[in-house]
Trainee: 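Dumping the structure here so I can ask a few things about it.
In listed order, ligands and their atoms are each counted from 1.
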Amino acid sequence: MTNEAHEAHLNFIEQIIEDDIKAGKNGGQIATRFPPEPNGYLHIGHAKSICLNFGLAKKYNGNFTLRFDDTNPSKEETEYVESIIEDVQWITGEDMTGKIRYASDYFEQMYAWAEELIKKGLAYVCDQTPDEMRDNRGTPDQPMKPSAGREFTPEKNLDLFRKMRAGEFGEGERTLRAKIDPASPNFNMRDPVMYRIVKSEHHRTGKKWLIYPMYDWAHGLEDSIEHITHSICTLEFEHHRPLYDWFLDNLDGIWRPHQYEFARLNLTYTVMSKRKLLELVKGGLISGWNDPRMPTICGFRRRGYTPEAVRAFCKEIGVAKMNSIIDVMKLENAVREDLNKRALRRMGVLKPVKLVISNYPDDKTEQLEAVNNPENEADGTRFVPFSKVLYIEQDDFMENAPKKYYRLTPGQEVRLRYAYYVKCTGCVKDAGGSVTEVHCEYDPATRGGTSADGRRVQGTIHWVSAEYALNAEVRLYDRLFTRENPDDPQDAADYKDYLNSDSLQIISDAKLEPGLADAVSTDRFQFERIGYFCIDSADSKPSQLVFNRTVSLRDSWAKMNK
Ligand code: ATP
Ligand code: MG
């Protein structure tokens with residue numbers, strides 16, 4: 001590749017990194033981090049950030065840390081820490097041992113740096129309540145009303161700050177603020193809060209700390225301690241960068257990271273804020289964080305998405321500086337493309353009706369060879385039992401069919417996949433007129449599904465032997481929301497008003513080929529002509545199999561829109 005061609009396909013962050021490496025910055029080393037707050041489960045937006053940060057470290061032989069930004073004790077739980085580690089390992093395919101850090105391990109160092117700023121006259125203790133602070137912050141052309149602490153001596157502020165740490169004030173009674181610029185057009189620079197008093201227990205430090213650092217103060221320090229070179233965050237933080245820089249510039253002799261912003265991922269038919277996802281969980285509107293309809297990583301995993309598909313999707317959407325909404329179809333297509341390569345083909349009938357082969361011996365069973373995966377010869381073949389009575393899909397029979405119906409209808413011949421040609425001879429109906437049995441005759445000379453005389457059939461349908469079939473529950477998922485942008489800030493309605501009431505369809509009596517009894521949750525299957533499926537890791541039991549539809553074979557929404 002020429003130099004220009006190489007540069008043309010770099011994203012803007014790779015470009016910056018390559019320039020930095022060329023310039024010998026930081027000794028040519030790079031280090032990135034993924035900094036989740038452990039207050040919820042990770043979603044596909046986080047996956048974009050993980051793929052970016054982890055991917056850069058890998059590509060440029062750098063360091064990567066998974067850092068828990070656990071600076072807010074009241075909302076954080078160990079359950080979230082554990083799930084986040086599992087999810088990051090799943091997405092990256094790498095063990096995170098040795099790469100995990102906690103912001104709470106840096107509290108003592110952060111505290112020392114806060115004292116340094118106080119001693120330099122750059123931070124002060126303020127006695128305004130959060131409400132007063134809001135009322136006093138001014139307007140774009142009016143400066144904030146200065147806090148009395150601005151005029152205190154460093155000694156007095158140091159004393160007050162130590163009292164804050166010692167627990168001599170109640171929650172909300174004091175804060176430590178940076179002394180920057182009461183008139184700054186950027187409100188983040190109007191003496192932002194660095195520490196607040198919180199008396200809840202922390203998941204790691206317990207009751208040791210009564211004051212907790214704010215995100216803007218803490219984040220750059222965490223980056224500095226970990227010698228992060230490129231601290232990558234989403235665009236909302238662009239206006240926080242001057243503050244990020246101000247803190248680091250005013251501390252002596254510390255490692256200097258730099259912040260870069262990229263566009264967050266938004267997906268159609270999806271909400272992506274942890275707060276809203278938590279609301280769905282708490283409200284019982286879905287079954288939990290790992291409900292297969294959720295855009296969470298654990299939901300994807302349970303639904304049968306693969307890390308390879310998630311990574312391919314993240315690569316495809318790229319990294320840019322403009323916010324946009326990505327069509328969720330792109331994600332579904334990435335899943336289809338990956339599963340098409342890896343899924344083992346199986347036969348399963350979701351809406352069964354019996355097909356009786358009248359000229360087939362009553363008590364005969366044949367084992368017919370079927371290809372496991374036409375995309376990968378190495379997956380080999382298997383044998384599927386075939387007998388006189390089969391199940392086929394109700395849809396694959398029509399008594400009075402239109403012209404271009406190539407499946408079973410009286411007089412028409414079709415191929416039973418991997419088995420025989422059969423010609424439909426009629427059907428049996430119940431009193432209500434529903435078809436209970438379809439009848440046909442087979443041609444023994446077409447074993448394997450090909451005819452020796454070159455006779456062709458238009459349709460091929462799947463089947464399972466009624467005698468050997470497994471019963472299973474099959475769960476079909478659709479989009480969780482009916483609106484492209486359920487979260488539209490312009491829209492007065494609540495996003496929950498757009499929940500799709502048909503997003504889960506349960507089929508309780510599907511019939512599957514018997515080999516599926518041995519399936520494990522990491523297996524991926526294509527039920528021929530239907531879609532991609534996997535065992536439901538939470539609910540499936542050997543005595544009651546449950547399969548999830550990961551994704552349909554084709555996009556039915558695209559068809560509907562046409
Ligand atoms: P949410 O907005 O869903 O509550 P968050 O930003 O509060 O997420 P954090 O735990 O703070 O969640 O996020 C960890 C990292 O993931 C941050 O660096 C953040 O920028 C990134 N991130 C979060 N959401 C997205 C998204 N939709 N697209 C890309 N990156 C994201
Ligand atoms: Mg956040």
Trainee: Number the atoms of ligand 1 from 1 as they appear, then name those within less than 4.0 Å of a heavy atom of Phe34, with their elements.
Mentor: 14 (C), 15 (C), 16 (O)

Trainee: Using a strict 4.0 Å cut-off to heavy atoms of Thr234, name the atoms of ligand 1 that fall inside it.
Mentor: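 Close to Thr234: 20 (O), 29 (C), 30 (N), 31 (C).
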
Trainee: Provide the number and element of each atom of ligand 1 under 4.0 Å from a heavy atom of Pro36.
Mentor: 10 (O), 14 (C)

Trainee: Show the atoms of ligand 1 that are less than 4.0 angstrom away from any heavy atom in Glu37.
Mentor: 9 (P), 10 (O)

Trainee: Decide yes or no for Leu480 and Pro486: does some side-chain heavy atom of the first lie under 4.5 Å from some side-chain heavy atom of the second?
Mentor: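 Not in contact.
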
Trainee: Which of the numbered atoms in ligand 1 are under 4.0 angstrom from any heavy atom belonging to Ser273?
Mentor: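 It comes down to these atoms of ligand 1: 3 (O).
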
Trainee: Taking distance alone, with N or O pairs closer than 3.5 Å, would you say Gly45 contacts ligand 1?
Mentor: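 Checking ligand 1 against Gly45, an N or O pair does fall under 3.5 Å apart.
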
Trainee: Would you name the heavy atoms of Met322 and Ala263 that are closest together and state the gap between them?
Mentor: O-CB, 3.2 Å

Trainee: Please identify each residue that fulfils side-chain contact (heavy atoms from CB on, under 4.5 Å) with Cys534, with sequence neighbours left out.
Mentor: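 For Cys534, the residues satisfying side-chain contact (heavy atoms from CB on, under 4.5 Å) (neighbours in sequence not counted) are Arg524, Asn548, Thr550.
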
Trainee: Considering Arg33, Lys48, His46, which one's heavy-atom position lies nearest to atom 22 (N) of ligand 1?
Mentor: His46

Trainee: Give the atom numbers and elements of ligand 1 that come within less than 4.0 Å of a heavy atom of His43.
Mentor: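 So the answer, numbered in order with elements, is 3 (O), 24 (N).
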
Trainee: Among residues at least two apart in sequence or on other chains, which ones pass salt bridge (Lys or Arg N to Asp or Glu O under 4.0 Å) with Arg101?
Mentor: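 For Arg101, no residue satisfies salt bridge (Lys or Arg N to Asp or Glu O under 4.0 Å) once neighbours in sequence are set aside.
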
Trainee: Contact between Phe34 and Lys99 at the side-chain level, heavy atoms closer than 4.5 Å - yes or no?
Mentor: no

Trainee: Looking at ligand 1, does Arg275 have a heavy atom less than 4.0 Å from it?
Mentor: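 Per 4.0 Å heavy-atom rule, Arg275 does not contact ligand 1.
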
Trainee: Is there any N or O on Phe237 that sits under 3.5 Å from an N or O of ligand 1?
Mentor: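 It does not: no N or O of Phe237 is found under 3.5 Å from an N or O of ligand 1.
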
Trainee: Are the charged groups of Glu226 and Arg33 less than 4.0 angstrom apart, N to O?
Mentor: no

Trainee: Consider every N or O of Pro35 and every N or O of ligand 1, then say whether any pair is closer than 3.5 Å.
Mentor: no

Trainee: Is Arg162 salt-bridged to Glu168, cutoff N-O under 4.0 Å?
Mentor: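 Between Glu168 and Arg162 there is no salt bridge, as every charged N stays at least 4.0 Å from the carboxylate O atoms.
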
Trainee: Ignoring hydrogens and geometry beyond distance, is a side-chain donor-acceptor pair present between Thr92 and Glu94 at under 3.5 Å?
Mentor: no

